[in-house]
Amino acid sequence: MKPLISSNLRARSEHNQSKPKLMFFGDPHGDLDPVIAAVERLQPEAIVLLGDIQARRPLHVELGPILDLTEIWFIHGNHDTDSDADYDNLWGSELATRNLHGRIVEIAGYKVAGLGGIFRSKIWDPRRPIEEAAFQSSDAMRQTMKPEERWRDGISRKHRSSIFPADYQQLLRSGHSDILVTHEAPAAHPHGWQVIDELAETLGVQLVVHGHHHQYIDYLAEGLTTAAAPFRAFGVDMGSHLAWPTDPQNSTESEGPSQDLLDLAAEVFGAAAQDWLVKPHKLFDGQTPAAFATEGGSEKVRSILNAIRNGGVV
């Protein structure tokens, strides 16, 4: 039987697999199988989930197969407070202490700062002065609520994924960091926030990585930022990941598409996967998907494959 992907492409990919120090995963929305598969294959020192996890069981149960393979960290997203189950399977998990929100932790040799949740104008519109926020902290909000309005004797479940000024300012005063992970996007994104940039610059980070928008974005490659910007920025698509550091001499992309990309193409196109990978496409600047991935564009190729798999037309 003819293989779905040529042995030449597959062999080059397997030869070049290396262990990344950190991997950042876009919003799982309950599907943690891609996280488990990527960790089992690449065995990073640590991973960070970028919010909207919505684990269907307690997170330590969902990620049981990789608990001994890597360190697991996360920030929460807005959908992690959609239901009691979404909340309990995260904050009630044995991994609840791995929430990076509002603090800096040394992970795989990097100081990583985390800001989970989203900005909601009922709490704080960061386009306005911070002093004008409706509530400076969750405790301040709780004190205004009647007992019957509270959820588990605290603020509403929904607003436990809202960013309060106190959370932001606590992180702002936390000292130097190398990487900032957020659910919200920085200012260069059409739906991004200047206060994310201000936080990143105050912390002195070299890298900002976010989820939330279900889109892979290399801000420098897309022309949204310049090489002179104070930090690199990436958005990570749902079901996808970013490995860090990206070293052209050691990356899995140096001689061929990564194994997970080949597997994803085979899953999406079946027997036609090889033809799709070697046919030039306008979305890849006239290059073939395989060549585009090899030259550093694997996350965009992965994003498009995920879009096709999820019913998008490309």
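Worth saying up front: this structure is predicted, and the values here are computed from it rather than measured.
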### Query
For Arg160 and Thr81, does a side-chain donor sit closer than 3.5 Å to a side-chain acceptor?
no

### Exam field: side chain Asp80 to backbone Gly77, donor-acceptor pair closer than 3.5 Å
yes

### Summary
Heavy atoms of Ala46 and Ala108 approach each other most closely as CB-CB, 4.4 Å

### Task
Find out if a path of hydrophobic residues (ILVMFWY) with successive side-chain heavy-atom gaps under 4.5 Å connects Leu69 to Ile36.
yes

### Query
Say you draw a straight line from CG of Leu42 to CE of Met23; how long is it, rounded to the nearest 0.5 Å?
5.0 Å

### Query
Would you say Leu283 and Phe292 make side-chain contact, with heavy atoms under 4.5 Å?
no

### Message
Would you say CD of Glu94 has more than 12 non-hydrogen atoms from neighbouring residues, nucleotides or ligands within 6.0 angstrom?
### Response
no

### Query
Is there a donor-acceptor contact under 3.5 Å from the side chain of Asp27 to the main chain of Gly211?
no

### Query
Are Val39 and Leu63 close enough that some pair of their side-chain heavy atoms sits under 4.5 Å apart?
no

#### Entry: Backbone N/O of Ile163 and side chain of Asp167: donor-acceptor pair under 3.5 Å
no

### Query
Tell me, do Glu299 and Arg302 make a side-chain contact under 4.5 Å, heavy atoms counted?
yes

### Query
Can any side-chain N or O of Asp237 pair as donor or acceptor with the backbone N or O of Gly239 at less than 3.5 Å?
no

### Task
Could you grab the distance from atom CZ of Arg120 to atom NE2 of His159, nearest 0.5 Å is fine?
6.5 Å

### Message
Do Val301 and Leu264 have side chains that approach each other closer than 4.5 Å (heavy atoms only, starting at C-beta)?
### Response
no

### Message
For the backbone of Val195 and the side chain of Tyr168, can you confirm whether one donor and one acceptor N or O come within less than 3.5 Å of each other?
### Response
yes

#### Entry: Flag, side chain of Ser177 to backbone of Val205, donor-acceptor distance under 3.5 Å
no

### Query
Going through the checks in order, is the side-chain contact (heavy atoms from CB on, under 4.5 Å) test met by His183 and Asn78?
CA-CA 8 Å; His183 197 57; Asn78 52 302; 3.1 Å; yes

### Query
Between Arg232 and Asp218, does at least one N-O distance fall below 4.0 Å, as a salt bridge requires?
yes

### Neighbour count above 12 (heavy atom, 6.0 Å) for Arg152 CZ
yes

#### Entry: Any donor-acceptor N/O pair, Arg142 side chain to Asp153 backbone, under 3.5 Å
yes

### Task
State whether a side-chain donor-acceptor pair under 3.5 Å links Thr182 with His210.
no

### Task
Determine, step by step, whether Tyr216 and Asn306 satisfy the side-chain contact (heavy atoms from CB on, under 4.5 Å) criterion, reporting the C-alpha distance in whole Å, the side-chain angles of both residues, the deciding distance to 0.1 Å, and the verdict.
CA-CA 11 Å; Tyr216 173 77; Asn306 279 322; over 6 Å; no

### Message
So does Lys111 get a backbone contact from the side chain of Asp178, meaning a donor-acceptor N/O pair under 3.5 Å?
### Response
yes

### Task
Compare all side-chain heavy atoms of His189 with those of Tyr219 and state whether any distance is below 4.5 angstrom.
yes

### Query
Excluding sequence neighbours, so at least two apart, what forms side-chain contact (heavy atoms from CB on, under 4.5 Å) with Asp86?
Gln54, Asp82, Ser83

### Message
Is the distance between the ring centroids of Trp124 and Phe119 under 6.0 Å?
### Response
yes

### Side chain to side chain, Pro44 and Leu22, heavy atoms closer than 4.5 Å
no

#### Entry: Point-to-point distance, once rounded to the nearest 0.5 Å, from CD1 of Ile308 to CZ of Phe269
4.0 Å

### Task
Taking the side chain as every heavy atom from C-beta outward, state whether Arg56 and Glu62 have any atom pair closer than 4.5 Å.
yes

### Query
What heavy-atom pair brings Ala187 and Gln194 nearest, and what distance separates the two atoms?
CB-OE1, 3.5 Å

### Task
State, to 0.1 Å, how close Thr225 and Ala188 come at their nearest heavy-atom pair, and which atoms those are.
CG2-CB, 4.0 Å

#### Entry: side-chain contact (heavy atoms from CB on, under 4.5 Å) evaluation trace for Leu277 with Leu261
CA-CA 10 Å; Leu277 285 165; Leu261 205 60; 5.7 Å; no

### Which atom of Phe231 lies closest to which atom of Val208, heavy atoms considered
CD1-CG2, 3.5 Å

### Query
If Ile, Leu, Val, Met, Phe, Trp and Tyr residues are connected whenever their side-chain heavy atoms lie under 4.5 Å apart, and connections chain through other members, are Val112 and Val209 in the same group?
yes

### Query
How are the rings of Tyr87 and Trp151 set relative to one another: parallel (under 30°), tilted (30 to 60°) or perpendicular (over 60°)?
perpendicular

### Message
For a quick check under 3.5 Å, do His29 and His214 share a side-chain donor-acceptor pair by atom type?
### Response
yes

### Task
Over all heavy atoms of both residues, which pair between Ser138 and Phe164 is shortest? Give the atoms and the distance, please.
N-CD2, 3.5 Å

### Query
Would you call the rings of His191 and His213 parallel, tilted or perpendicular if under 30° counts as parallel and over 60° as perpendicular?
parallel

### Message
Donor-acceptor check, side chain of Asp52 to backbone of His79, threshold 3.5 angstrom: yes or no?
### Response
yes

### Shared hydrophobic cluster for Ile130 and Leu199 (ILVMFWY, side-chain gaps under 4.5 Å)
yes

### Task
State, with a plain yes or no, whether a side-chain heavy atom of Thr144 is found less than 4.5 Å away from one of Phe135.
yes

### Query
With sequence neighbours excluded, what pairs up with Asp139 under the salt bridge (charged side-chain N to carboxylate O under 4.0 Å, His left out) test?
none

### Task
Could you please spell out the steps behind the side-chain contact (heavy atoms from CB on, under 4.5 Å) verdict for Val35 and Ile66?
CA-CA 9 Å; Val35 177; Ile66 60 172; 4.2 Å; yes

### Task
Give a yes or no on whether the backbone of Gly102 and the side-chain of Gln170 come within a donor-acceptor separation of less than 3.5 Å.
yes

### Task
Determine the sole option in Phe25, Phe24, Phe234 for which the ring pair (Phe, Tyr, Trp, His ring centres under 6.0 Å) test with His241 is passed.
Phe25

### Hphob cluster co-occupancy, Leu242 + Leu220, side-chain heavy atoms under 4.5 angstrom
no

### Query
If Ile, Leu, Val, Met, Phe, Trp and Tyr residues are connected whenever their side-chain heavy atoms lie under 4.5 Å apart, and connections chain through other members, are Leu49 and Leu67 in the same group?
yes

